[in-house]
Every structure is written in structure tokens, then in C-alpha cells.
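This one's a predicted model, so the numbers in the text were calculated from it and none came from an experiment.
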Amino acid sequence: PPEAAAEGESVAAAEPPADPAADQQRRETAEAIAEYQDLMARLALLRQERNQLLLRRPATDPMVASLERQITTVQASSMDLAERHPVVVSRVQAPGQPSTMVMGPVPTIEDERALLVALEARVAELNEQVKTVEGAIGGISDLGFKLADLERLRQMQEEKFRYFQSSLEKAEVDRKLNPTDIPNISIVQSPSAPAKSLDPTAFKLIVALAGSGLVVGLGLAFLFEWVLDRRVSRPTEIRTRMQLPLMMTIPHLRSKESAKLMDSQSLAGLLEMPDDPLLPPPLPERGELRKSGNGNRGGKLARQKEDNFITPYARAIHDRIIFNFEINNVVHKPKLVALTGLSSGAGASTLAVGLAKAFSDHSKVLFVDLNPPPNARHLNGHPAEALRRALEVSRAENFRDSRKNLYFASVPTRRNGTDVGSLAPLGLHEIMPHLVASDYDYILFDMPPVGPTSPTLSMAGFMDKVLLVLDAEATTPENLNWAYSELERGRADVSCIFNKAKTHAPKWVAGEH
């Protein structure tokens, strides 16, 4: 309305004209107040950061010292500002204190705009300072890591210096104790000049004789090894040169250990069959065999003590045979295992007894001796009856409940006028269904040595595993290749046992520990 417009014009005319000097004074005062407030806030923030840092680091830390310098700078700036504008002290309260300042309102809009411009400029300046401080803090952190690395380097150099100092002191002491430097010790006799004590011609002759002796010795060794002595003397020849599977090597016993052993002939003739087939046969104790009260009735099997030399080897062979059955998925019962050799003294019978004992620790085992002595007496005049009787025992009701695990039968394989009950390969084929139907877990056969007329070549094909025992003193490569090929031709799974292995070189040369 016209009345209101006229009233506004009268009010505007009544206001005094603006004073530029007063406006400039108010703007400077507002900027000083804003700057003082920022200085107080920054001072409080720096003190708080210093107090928190002192909780983790000592007062001598570089970062703590930097904060102290910044606090001193801010305090100096605030005091300088308070001297130039005393009014800011009364109009600004310190952070964290109750407000005691009573500020009047800004008289005009120009004061508000001037204050806004001052605050924006201050904010921009503070942002620049924040960036500068952040960069300085990052540089201080990097310097802290470098300082730590330099401290570690200083410690290492100090340790080296101490070591060199102690070494130098020790060398100085040794030098002072040197007899040549002690004044009261004199030289009794000076060393004589060196002189030639051997003529060059004689020296060459000695070297030539030594070299010729070495060459002759090596030649004789190779002559005996490759020409004169054709025996298989090392187990590595079986694996590398002949490419045959070798399950184990049994070392040759010295004279003291051989007193505990029995050869295969004496072992075959002295073991006996008990009257009750559910009872195990008597076994040898410490190399001595016991006879039953009813006399010798043929067969062989002996109880071997834990300290017998063959026990650990028999157990190791037992474990490898079990592993071979597992990986080849041989799960039927009973499993048939045969032992034979290339000669009568190879040690197959002794190893068979130890292996039967190892199998009988946790299984029902029947030990069948197919290689008894020629003069052995057998059950009722018919050796084959012992095997049939042992098979009948396994079908008894109390067989599995019996604590006896080892059973024995002796059946010869030699064909002559007196052994009417000998077991020929055809007889083994006929009795095989009864063997398979028995309740034994394992049936071990001690077979005759392999030869051109030996029944072992025909019987080996019925077995699940055949162990060929080799005598290191009587095995030639030709004989071994022939026997292995004949057994393989009969579809037998054959592994070799190298017995009586000797070594003539020191243990460190042969690779033994």
C-alpha cells in the first residue's frame, strides 16, 4: 500500500549513512575473533593428541617433540593476536569451559557478510594448514621407521666393533706371549736349511712301482669278479643287472651268531607232530629242539625265541607279503605261500619256520613241510595222512575258539619205492579244493629246491606268493635266470630273498650306517 512504502522511505531516510572506517574495523574484529577461535580449537586438539601419544611413547619421541613445537607456535600466535585485538579474549571462550561471554547482536547485515567472508577465508587457510600438517605427520612417520632401521644398524655395528675389539685384545695378548718376543728366552739352535733327501730317479721308481701295484690289484679284483667268480655276490645285481624283484636281503652271520642256528637238514629231521592235532607242534628254544614223549613221528616246526636272528627278518617279510596281498586285492582264505631255494643249504627251511611263527601271531596257520629228510617216519606209514588230518582239524567246531594258531603237517614229494604216500603235483591239484575249503588263514609250504626234476616248478603255480631264497655263496646268474623264468612260466608270483649276503668293504664304503 502507499502508506507502507512511504513509511519505509521515511525510515531509510532516518538511518545514518554507512561509515567505511567503522565497517572495516568491525570486519577486522570479526576476522580476529574467528582466527582466535580457530587457534584455541587447534591448541586444544594438539594438546589432546600429545596426551594420547604420551600414553604409548616416551616424551623424547620425535612425534611428541613435534607436537610440543606446534603447541608452542599456536600459543605464540594466539598471544600475538590477543595483543593486537584485546577484545577477542573477552569475546571468545576456551574449549571445554562454560560460556561467560555475552556477545551483542551484529548491528547490520554488512557485519554478518563481513564475518561470513572472514570465516570462509579462515576455513580455506585452515584447510591448507591441515594438508601441511598431514604431510608433516606422514614425513615424521617415515622418519620414525628410518630412525628404527638406523638404530638396528647402529646396534649391529656396535656388536661388530666389540667383537673386533675383543679379537684385537686377544691377538695382542698372544703377541706378548710369543716366545720370540720374551727377552729372557734365547735360541738354542737355529733351524737348518732344507736339503734334498730323495733322488729324483728313485722317487720316480717308487711312484711307478706304487702305480703298477695299484693297477695289478684292480686288475686281479676285476678278474675274480667278472671272470673267475661268477656268483651273485651283491643284491644290487639282482635289481639292476638281472631286473628281478628282490624283497629282502639277509646278511651273513659271523661265527658267534652262527652257533645259535640250525641248518635245514637238522631242522627238518628233529621237529615232530603232536598226538593231538589241535595242539601246536614243539618248537626249538635257543636253537635246541625238544622231542615229544611218544617219539619222533616226522615233520618240523619250532618255537623261536625273540632273540633269534631270523625273527626280525621274518616279521619284515610277513609285513611285505601282507602289503602285497592288499594292493593286489587278494582277499580269499586261505592264502597259500611257498618258500623254496636254488640249493639245499640256501636257508629256505629256517626262514619258513620263522615266517610261520610270524603269521601265527594273529592268524590260523598251517605249515606244510614238503621237503622232509629221507629217513623221517610219518603218520601211519602214509605221509599224506598228516595233511588230510590237519585239514580235518580246521573243520572242527572249536577250531576258531582254540588259542593255538600254529599247525603242522609233513608230506614228502620224493617218489621212490618206500614213499607210497608222497604228494606229487597232481596230488596237490586234487587236494587243492580241500585246502581252499579249510578254515586256515594262511598255509605255508616248505618246498624242495628248484631243479630240472623238482616238483616245485609244477606246484608253484597253485600258490598266491612264492619266495625264492638265494644263497649268496652258491647262486650264479645263469641258474637264477633259469629258475625264475621256469617259475614265471608256471604263472607263479615270485619274489627273491637274498640270504647270506657278505660285504668285504668297510661300512662307509658300502653305504651302511
Any ion pair linking [Y] and [X] (charged N to carboxylate O, less than 4.0 Å)?
X    : Y    : answer
D80  : R84  : yes
E125 : R122 : yes
R154 : E151 : yes
R50  : D61  : no
K364 : D441 : no
D464 : K335 : no
D361 : K357 : yes

Donor-acceptor check, side chain of [X] to backbone of [Y], threshold 3.5 angstrom: yes or no?
X    : Y    : answer
S66  : P62  : no
T350 : G347 : no
N371 : D446 : no

If every non-hydrogen atom of [X] is compared with every non-hydrogen atom of [Y], which pair is closest and at what distance?
X    : Y    : value
V466 : M463 : CG2-CB, 3.8 Å
L487 : A460 : CD2-CB, 3.7 Å
S485 : W482 : OG-O, 2.8 Å
A358 : A314 : CB-O, 4.1 Å
P477 : M242 : O-CE, 3.5 Å
V469 : A346 : CG1-O, 3.4 Å

Could you state the interatomic distance from [atom1] ([X]) to [atom2] ([Y]), rounded to the nearest 0.5 Å?
X    : Y    : atom1 : atom2 : result
E35  : S78  : CD    : OG    : 10.0 Å
L54  : E68  : CG    : CD    : 7.0 Å
I317 : N324 : CD1   : CG    : 13.0 Å
L366 : I443 : CG    : CD1   : 5.0 Å
R47  : L43  : CZ    : CG    : 4.0 Å
E237 : L480 : CD    : CG    : 10.5 Å

Check the pair L46, V74 against side chain to side chain contact (heavy atoms under 4.5 Å, CB included), reporting the backbone distance first and the verdict last.
CA-CA 9 Å; L46 290 174; V74 172; 3.9 Å; yes
Do [X] and [Y] come within less than 4.5 Å of each other through their side chains, counting heavy atoms only?
X    : Y    : result
S166 : R162 : no
V337 : F445 : no
L351 : N499 : no
I137 : V133 : yes
M247 : K465 : yes
V331 : N329 : yes
L39  : Q75  : no
I310 : I250 : yes

Taking atom NE2 as the centre, does H332 end up with more than 12 heavy-atom neighbours from other residues, nucleotides or ligands that are less than 6.0 angstrom away?
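Enclosed: over 12 neighbouring heavy atoms sit under 6.0 Å from NE2 of H332.
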Are more than 12 heavy atoms, taken from residues, nucleotides or ligands other than M79, located less than 6.0 Å from that residue's CE atom?
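At most 12 heavy atoms, drawn from other residues, nucleotides or ligands, come within 6.0 Å of this atom.
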Start with the C-alpha gap between L342 and L470, add the side-chain angles, then the distance that decides, and say whether side chain to side chain contact (heavy atoms under 4.5 Å, CB included) holds.
CA-CA 6 Å; L342 289 180; L470 309 177; 3.6 Å; yes
Sequence neighbours excluded - side chain to side chain donor-acceptor pair (under 3.5 Å) pairs with any residue from residues 200-217:
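Those involving residues 200-217 are D199-T201.
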The test is side chain to side chain contact (heavy atoms under 4.5 Å, CB included); show your working for L467 and I321 and say whether it passes.
CA-CA 10 Å; L467 301 181; I321 292 175; 3.8 Å; yes
Of T475, V450, L244, which meets side chain to side chain contact (heavy atoms under 4.5 Å, CB included) against L468?
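Single pass found, and it is V450.
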All side-chain contact (heavy atoms from CB on, under 4.5 Å) counterparts of E120, not counting sequence neighbours:
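L116.
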Those residues that, when tested against F359, pass ring-ring contact (aromatic ring centres under 6.0 Å, His included) (two or more places apart)
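Counting only residues at least two positions away or on another chain, F359 forms a ring-ring contact (aromatic ring centres under 6.0 Å, His included) with H318, Y442.
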Dump the intermediate steps for side chain to side chain contact (heavy atoms under 4.5 Å, CB included) on Y313 and M248, then the final yes or no.
CA-CA 8 Å; Y313 298 100; M248 178 164 293; 3.8 Å; yes
